[in-house]
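The analysis underlying the following values was restricted to heavy atoms, covering all of them including side chains, and did not include hydrogens, waters or symmetry mates. Chain naming here is simple, since letters A, B, ... match the order of the sequence lines and numbering starts at 1 in each.
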2 protein chains.
Amino acid sequence: MANQLSQLDQVFAALADPTRRAIVMRLCAGEASVGELAEPFEMALPSFMKHIHVLETCGLLQSEKEGRVRTCRLSPEALLSAEDWFQHQRAIWEARLDRFEAYVMKLKKERAAAKRPSKTTEKTTNKPSKRKGA
Amino acid sequence: MANQLSQLDQVFAALADPTRRAIVMRLCAGEASVGELAEPFEMALPSFMKHIHVLETCGLLQSEKEGRVRTCRLSPEALLSAEDWFQHQRAIWEARLDRFEAYVMKLKKERAAAKRPSKTTEKTTNKPSKRKGA
DNA sequence: TAATTGGTTAGCCATGGAGCTAACTATAGG
DNA sequence: CCTATAGTTAGCTCCATGGCTAACCAATTA
């Protein structure tokens, strides 16, 4: 678990760099050699290789060398574990909002019960639009 | 759009730090003052404030000061946009896998058609277990 | 075998990020 | 008014990161 967190550090740090995100995006479309991957970037190969190595270290990328060409492919587990982090946070966040909303509803009801005849005209609580991947 | 990417840089960089991730996690459970947020960490306040500022700069956190206490809350848009990035990549990745699978199926069928009488007994393609939030 | 291609290693430099202390501002409470 | 509280500003280290060049393998290919 503590190890997990440290892996998250690495994955997020890796994805914080636009070059590396581009590599990941490229690899989502299929495997490629280092040369093919490097070609769109105006960067010396050794610099580029560092990015490859970072991605490989944090588990986002796998590669193997055949002859003199190294082929890279995405290894999705790390990507998925990072995505899971977001989903987990969002779950907590949304649960809290639901609880809060319930609380507000209860308050409203109580207040309405307290001064029965007068209608309490409050602004509608802005509930934050449920999202797709929920 | 180019601005969007730069925002992603910042968000991922922000989340690459365990302290900041912890802050975000804490704020998912509800708003808190700087002091409350800082309390679990063995870190000088100015250092901690930098983290707060980083989170605020990249749009993950909002804060306002009343009297001498600054209250922080999560502002979910940035978090969601980062999560969207993952979902987008995964969509592409999975689409490719599906295409690949279809391709393998086609190959199988063709091969089966070629040597009609013999049943080609191949191992099942290991399809990568559809995930929850799909 | 010689030259080219594809990648790798080594080492340098500049920048930025995470941490610290010290000193300061401003509100709250006595 | 005085003190304690809650943040803030300024300025300093240290080291990790991203980039470079130069030189170096090791497979292909001519």
* To do: Tell me yes or no: between the side chains of T71(B) and E64(B), is some donor less than 3.5 Å from an acceptor?
  => no
How many whole angstroms separate atom [atom1] of [X] from atom [atom2] of [N]?
X	N	atom1	atom2	value
D9(B)	dG18(D)	CG	C1'	13 Å
F48(B)	dA6(D)	CZ	C1'	13 Å
Q10(A)	dT17(D)	CD	C1'	14 Å
R70(B)	dA26(C)	CZ	C1'	13 Å
K65(A)	dT28(D)	NZ	P	11 Å
E66(A)	dG7(C)	CD	P	12 Å
E42(B)	dG19(C)	CD	C1'	14 Å
E56(B)	dG7(D)	CD	P	13 Å

Please report the shortest heavy-atom distance between [X] and [Y], naming the atom on each side.
X	Y	answer
A13(B)	R20(B)	O-NH2, 3.2 Å
A14(B)	L60(B)	CB-CD1, 4.1 Å
C28(B)	Q89(A)	SG-O, 3.6 Å

Which of M43(A), H53(A), E39(A) passes side-chain contact (heavy atoms from CB on, under 4.5 Å) with F48(A)? It is M43(A)
- Message: Under 3.5 Å, is there any donor-acceptor pair linking the side chain of R68(A) to the base of dA27(D)?
- Response: yes
Within the modelled atom types, does a donor on one side and an acceptor on the other bring the side chain of K50(B) and the base of dG19(C) under 3.5 Å apart?
yes
Assign each of L45(B) and P46(A) the nucleotide of DNA chain D bearing its closest heavy atom; nearer the 5' end lies the nucleotide of L45(B)
When H51(A) and V34(B) are each assigned the nearest nucleotide of DNA chain D, the 5'-most assignment goes to V34(B)
| said: Please determine whether a side-chain nitrogen or oxygen atom of S47(A) lies at a distance below 4.0 Å from atom OP1 or OP2 of dC20(D). | reply: yes
With the side chain defined as heavy atoms from C-beta on, A44(A) is closest, among dT8(D), dT21(C), dT21(D), to dT21(D)
